[in-house]
Structure formats: structure tokens, C-alpha cells
> 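Could you have a look at this structure, given as C-alpha cells, before my questions?
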Amino acid sequence: MTITTPHLGSPAGAWTDAQLLYALEEVVEKELNRHLQVAKDWMPHEYVPWSDGRNFPGLFEDGEAWDKEQSKVTEIGRIALVVNLLTEDNLPSYHHEIASLFGRDGAWGTWVHRWTAEEGRHGIVMRDYLLTSRAVDPDKLEQFRMSHMSEGFESDNRHSMLHSIAYVAFQELATRISHRNTGHQSGDPVCDRMLSRIATDENLHMVFYRNLLKSAFELAPDLTMQAVRDVVVNFRMPGHGIPGFERAAAQMAIGEVYNLRIHHDDVLQPVLRFLKIMEIDGLGAEGRKAQEELGLYMGGLDSEATKFDEKLAARKARMAARAAGA
């Protein structure tokens with residue numbers, strides 16, 4: 001793919017979003033075709049233990065009230081499942097954001113709709129599983145959904161398509177890791193299989209955006225480096241507006257579903273290594289500054305993650321000592 005400067009006489013790297021969208025269209029089409037070849041359709045209903053289901057109180061006189069003892073899902077699994085599902089629930093807002101930014105025509109539009117359709121499965125199967133297995137209080141889950149979705153969602157990166165591509169490259173991987181670890185910590189093999197299937201989708205979505213980000217570096221290296229720096233330094237998950245998110249996130253960190261060490265080692269580093277971010281040369285002054293700041297930030301984050309690891313290890317040792325003395 002041959003790229004020319006956006007306008008004769010324009011400053012180096014002076015790309016508009018519209019120009020970048022047009023210049024990357026070929027890459028989007030290529031990545032879309034690759035994605036469609038490797039993605040496998042799956043049926044959400046096949047991952048739900050329907051035979052475990054029974055009526056809740058309400059219109060059915062034989063309804064049985066919810067109690068957390070009815071489910072084999074662990075407490076940390078329950079907390080993480082609710083956070084993950086409520087995050088998936090905001091899909092209409094996510095679709096609006098990316099459709100407004102990337103457009104609904106051509107390869108970009110085809111990808112936007114395909115991504116939305118695939119993501120829709122995640123919310124369907126998770127809610128069906130949670131209600132059928134009685135893993136969560138259905139009334140509270142619906143109250144949380146209404147509260148979260150009523151707030152809507154505005155991306156921190158809606159001002160820039162490069163920032164948006166950089167963000168989703170990391171966020172899709174973060175979501176994959178969160179689902180995968182939730183399954184591992186859930187205590188239920190059925191839940192683990194379901195979330196493993198979802199995590200596979202999220203990984204393919206990450207690969208799409210990661211490869212697109214790589215092409216953006218070839219096209220506009222300085223602007224892309226600045227976008228990656230901004231996104232990494234200011235990263236937060238899309239579910240940050242969920243009621244009680246900060247407390248739930250702290251519990252998920254202690255429960256080793258998602259914490260600083262996981263964020264550094266399993267989310268940021270794999271994407272940055274693939275892009276060979278610190279090896280990119282030929283950058284202008286702003287690009288080099290962003291690259292240096294990114295390196296410094298990652299070093300600081302690693303140190304913070306090490307401190308967290310030490311605190312978590314000490315906490316585990318105290319709990320083990322208490323258990324031994326009980």
C-alpha cells in the first residue's frame with residue numbers, strides 16, 4: 001500500500017481524521033477479510049445450563065426467591081461477572097461511538113456492524129448463564145443495568161480516530177484477560193468454558209485493532225506514538241461508570257482477576273512488544289518525546305505493580321496464618 005502526504009506543502013504528520021480513515025481503508029478491508037476467515041460462529045444458547053433454571057418470584061406462583069447459596073460461583077466470580085456483563089450491556093453506546101467515528105460505509109462500516117454483532121453474543125450468553133445458574137440477584141442486576149445504561153457512555157478518545165484505535169487495541173485485550181481470569185476464578189467449569197469462548201472473540205478483536213495500529217505507525221508515526229502514549233497513560237476500562245465500580249475493581253484486583261501486574265504484563269506489554277514501540281526510529285521531536293514518556297511510564301507502572309504484588313503476597317500470608325491457627 002503506497003501512502004502519500006495528505007496535502008502538498010502541508011507539515012509532516014498533518015493528517016485529519018478523514019484523511020487517515022481513507023488512507024487506512026485498504027488495511028481495514030484486509031484485516032476484515034482475515035478476521036472473517038478465522039472467526040468461528042457459535043451459538044450462545046449452547047453454553048447455558050438451561051436444565052438448572054427455575055422460576056423467580058413474580059408472575060409465576062411457584063417462583064423461588066434468589067439466594068447466593070443456590071450457585072456454585074465464587075464471591076469474586078460473582079463480582080467480576082456483574083462488572084463484565086454491565087460493561088457488555090453498554091454495547092448500543094459503544095456502537096454509536098465507533099459508527100460515528102469510523103462511519104457506516106465501506107470496509108469500516110462492515111467492520112463496525114460485524115464487531116457489534118459479535119459483541120452482542122457476549123451480553124446474551126452471560127445474562128442467560130447468570131440467571132439460569134442463579135449466580136447473581138436478578139433484581140439488583142437489572143437495577144444496575146438500568147442505572148449504568150441510563151448514564152450512557154462517552155469515550156475518552158472520541159476526539160481522535162488514532163487515539164480511538166490505540167485505545168481499543170489495549171481495551172479489547174484487557175477485556176479478554178478480564179473474562180478469562182473471571183472464568184478461572186469462578187469455581188464453575190460451565191462458566192469457565194463460556195468466558196473462554198468470549199475471550200477468544202475479544203482476542204480476535206484485539207488482533208484487528210492491533211494490526212491497524214501497526215499500519216497507522218507506518219503512515220503517521222509521530223501522531224500514532226503520541227496517541228499510544230496518551231492512551232496508555234490515561235487508560236481506564238469502559239465500565240468505569242458502573243455503580244460501585246471502584247470497590248468492585250479493588251476486589252477484582254485482590255482476587256487476581258485484573259490488577260496492576262496483570263494490566264502491565266498481560267495487556268500493555270504484549271501490544272507494545274508486538275509494535276516494537278521502543279525500537280521505532282525516524283520520529284520527529286514530538287514523537288520522540290512521546291516515546292520517551294511512554295518508556296518512563298511503563299517503568300513506573302512496573303514498579304507500582306511490584307509494590308502491589310508484595311502487598312498481595314503479604315495479605316495471602318496473613319490469611320494463611322489465620323487459617324492455620326483457626
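Small disclaimer: the values here were computed from a predicted structure and weren't measured.
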> Examine distances only and state if a side-chain atom of Gln226 and a backbone atom of Asp222 form a donor-acceptor pair shorter than 3.5 Å.
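Judged by distance alone, yes, a pair lies under 3.5 Å.
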
> Does Asp41 have any salt bridge (charged side-chain N to carboxylate O under 4.0 Å, His left out) partners at least two apart in sequence or in another chain, and if so, which?
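Expected list: Arg114, Arg121.
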
> Taking atom CG of Asn259 and atom NE2 of His264, what is their separation to the nearest 0.5 Å?
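NE2 of His264 is found 12.5 Å from CG of Asn259.
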
> Any chance you could measure Met298, atom CE, to Leu268, atom CG, to the nearest 0.5 Å?
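It is 4.5 Å, given to the nearest 0.5 Å.
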
> So, the side chain of Tyr94 versus the backbone of Thr116: is there a donor-acceptor pair under 3.5 Å, distance only?
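Here the side-chain-to-backbone pair does not exist.
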
> If I compare all heavy atoms of Leu283 with all of Gln291, which pair ends up nearest, and what's the gap?
CD1-OE1, 3.6 Å

> More than 12 heavy atoms of other residues, nucleotides or ligands under 6.0 Å from CD of Gln269: yes or no?
yes

> Could you walk me through whether Lys214 and Glu218 pass the salt bridge (Lys or Arg N to Asp or Glu O under 4.0 Å) check?
CA-CA 7 Å; Lys214 184 176 185 294; Glu218 297 169 2; 3.3 Å; yes

> Is there a path from Leu81 to Met149 through hydrophobic residues (I, L, V, M, F, W, Y) whose side chains come within less than 4.5 Å of each other?
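No, it is not one cluster - the side chains of Leu81 and Met149 are not joined through contacts under 4.5 Å.
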
> What heavy-atom pair brings Val136 and Trp66 nearest, and what distance separates the two atoms?
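Answer, listing the atom of Val136 first, then Trp66: O-NE1, 3.0 Å.
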
> What pairs with Glu256 under salt bridge (charged side-chain N to carboxylate O under 4.0 Å, His left out), at least two apart in sequence or on another chain?
Lys316

> Any sub-3.5 Å donor-acceptor pair from Ser164's side-chain atoms to Ile98's backbone N or O?
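A pair under 3.5 Å: no.
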
> Taking a hydrophobic cluster as the set of Ile, Leu, Val, Met, Phe, Trp and Tyr residues connected by side-chain heavy atoms closer than 4.5 Å, whether directly or through intermediates, do Met146 and Phe56 fall within one such cluster?
no

> Compare every heavy atom of Pro44 with every heavy atom of Val125, then report the nearest pair and how far apart it is.
CG2-O, 3.3 Å

> Under 3.5 Å, is there a donor-acceptor pair between the side chain of Asn181 and the main chain of Val257?
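Yes, the answer is positive, given that a donor and an acceptor are paired below the 3.5 Å cut-off.
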
> Given Lys307 and Glu304, is the salt bridge (Lys or Arg N to Asp or Glu O under 4.0 Å) satisfied, shown in steps?
CA-CA 5 Å; Lys307 293 177 184 177; Glu304 289 298 311; 3.5 Å; yes

> Give a yes or no answer on whether the side chain of Glu119 reaches the backbone of Glu88 with a donor-acceptor pair at less than 3.5 Å.
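A pair under 3.5 Å: no.
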
> So which atom in Leu204 and which in Arg34 form the shortest heavy-atom distance, rounded to 0.1 Å?
O-NH2, 4.5 Å

> With a 4.5 Å heavy-atom cut-off, do Thr182 and Tyr258 have their side chains touching?
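No, every pair of side-chain atoms sits at 4.5 Å or beyond.
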
> Quick check against the 3.5 Å criterion: does Ser196 have a side-chain atom that pairs as donor or acceptor with the backbone of Asp192?
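Looks like no, no N/O pair under 3.5 Å.
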
> Any side-chain donor-acceptor pair under 3.5 Å between Asp188 and Ser133?
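No, no side-chain donor-acceptor contact under 3.5 Å.
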
> Can you confirm whether Ile177 sits close enough to Arg180 that some side-chain heavy atom of one is under 4.5 Å from a side-chain heavy atom of the other?
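The answer is yes, as the side chains (C-beta and beyond) meet within the 4.5 Å cut-off.
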
> Assess the residue pair Trp111 and His35 against the criterion (side chain to side chain contact (heavy atoms under 4.5 Å, CB included)); give the C-alpha distance rounded to whole Å, side-chain angles, the decisive distance to 0.1 Å, and a yes or no.
CA-CA 10 Å; Trp111 167 253; His35 177 83; 3.8 Å; yes

> With a distance cut-off below 6.0 Å to the six-membered ring centre and an angular limit of 45° from the axis, does Arg197 pair with Tyr47 as a cation-pi contact?
no

> Looking at His95, I'd like to know if its NE2 atom is crowded, meaning that more than 12 non-hydrogen atoms belonging to other residues, nucleotides or ligands lie closer than 6.0 Å.
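Yes, because the 6.0 Å sphere around NE2 of His95 holds more than 12 heavy atoms from other groups.
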
> For a quick test of reading the model, state the closest non-hydrogen atom pair linking Val112 to Gly103 and the distance between them.
CG2-O, 3.9 Å

> Is a side-chain N or O of Trp50 found less than 3.5 angstrom from the main chain of Thr132, in a donor-acceptor match?
no

> Determine whether a donor-acceptor pair (N or O, by modelled atom type, separation under 3.5 Å) exists between the side chain of Asn55 and the backbone of Asp62.
no

> Going from CG on Asp52 to CG on Leu131, what distance comes out if it is rounded to the nearest 0.5 angstrom?
13.0 Å

> As an exercise, state the distance from CG of Leu272 to CZ of Arg210, rounded to the nearest 0.5 Å.
12.0 Å

> Salt bridge (charged side-chain N to carboxylate O under 4.0 Å, His left out) with Asp139: which residues, sequence neighbours excluded?
none

> Identify which one of Ile79, Leu86, Leu85 satisfies the side-chain contact (heavy atoms from CB on, under 4.5 Å) criterion when paired with Val82.
Leu86

> Does the side chain of His45 pick up a donor-acceptor pair with the side chain of Asp128 at under 3.5 Å?
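The criterion, which ignores hydrogens and geometry beyond distance, is not satisfied for Asp128 and His45.
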
> Quick one: are Leu212 and Glu31 in side-chain contact, heavy atoms under 4.5 Å?
no

> Report the C-alpha separation of Trp115 and Phe208 in whole Å, then their side-chain angles, then the decisive distance to 0.1 Å, and conclude whether the ring-ring contact (aromatic ring centres under 6.0 Å, His included) test is met.
CA-CA 10 Å; Trp115 174 88; Phe208 178 94; over 10 Å; no

> Minimum heavy-atom separation for Leu213 and Ala169, please, with both atom names.
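Answer, listing the atom of Leu213 first, then Ala169: CD2-CB, 4.1 Å.
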
> What do the steps show when you test Phe144 against Ile242 for side chain to side chain contact (heavy atoms under 4.5 Å, CB included), and what is the final call?
CA-CA 7 Å; Phe144 283 151; Ile242 292 170; 5.8 Å; no

> Kindly compute the distance separating CD (Gln171) from CZ (Arg176), expressed to the nearest 0.5 Å.
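Separation between the atoms: 13.5 Å.
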
> Look at atom CE of Met278 and say whether more than 12 heavy atoms of other residues, nucleotides or ligands are closer to it than 6.0 Å.
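More than 12 within 6.0 Å, yes.
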
> If we only count heavy atoms from C-beta on, is the Met225 to Ile277 side-chain gap below 4.5 Å?
yes

> Regarding Glu151 and Ser147, do their side chains bring together a donor and an acceptor under 3.5 Å, going by distance alone?
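Per modelled atom types, Glu151 and Ser147 side chains form no pair under 3.5 Å.
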
> Under a single-linkage definition using a 4.5 Å side-chain heavy-atom cutoff for Ile, Leu, Val, Met, Phe, Trp and Tyr, are Val233 and Val267 assigned to the same hydrophobic cluster?
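In one cluster with Val233: Val267, yes.
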
> So, taking the atom named CG in Asn84 and the one named CD1 in Ile198, what distance separates them when rounded to the nearest 0.5 Å?
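The CG atom of Asn84 sits 8.5 Å away from the CD1 atom of Ile198.
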
> One pair to check against salt bridge (Lys or Arg N to Asp or Glu O under 4.0 Å): Lys289 and Glu292. What are the steps and the verdict?
CA-CA 5 Å; Lys289 178 184 176 184; Glu292 292 169 2; over 6 Å; no

> Thr224 and Ile165: side chain to side chain contact (heavy atoms under 4.5 Å, CB included), yes or no, with the steps?
CA-CA 9 Å; Thr224 307; Ile165 291 172; over 6 Å; no

> Side chain to side chain contact (heavy atoms under 4.5 Å, CB included) between Arg134 and Arg54: does it pass, once the steps are laid out?
CA-CA 9 Å; Arg134 292 186 168 241; Arg54 50 201 187 277; 3.5 Å; yes

> Quick one: does Trp15's side chain have a donor or acceptor within less than 3.5 Å of a partner on Ala220's backbone?
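Looks like no, no N/O pair under 3.5 Å.
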
> Do you reckon Tyr129 sits in the same ILVMFWY cluster as Ile124, going by side-chain contacts under 4.5 Å, direct or chained?
no

> Same cluster or not: are Leu296 and Val228 linked, directly or through other Ile, Leu, Val, Met, Phe, Trp or Tyr residues, by side-chain heavy atoms under 4.5 angstrom apart?
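Different clusters: Leu296 never reaches Val228 through Ile, Leu, Val, Met, Phe, Trp or Tyr contacts under 4.5 Å.
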
> Do Asp89 and His148 have a side chain donor and acceptor closer than 3.5 Å?
no

> Do you know which of His179, Glu202, Arg127 makes side-chain hydrogen bond (donor to acceptor under 3.5 Å, both in side chains) with His122?
Glu202

> Is it the case that Thr306 and Arg261 place a side-chain donor and acceptor less than 3.5 Å from each other?
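On atom types as modelled, these side chains qualify, holding a pair under 3.5 Å.
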
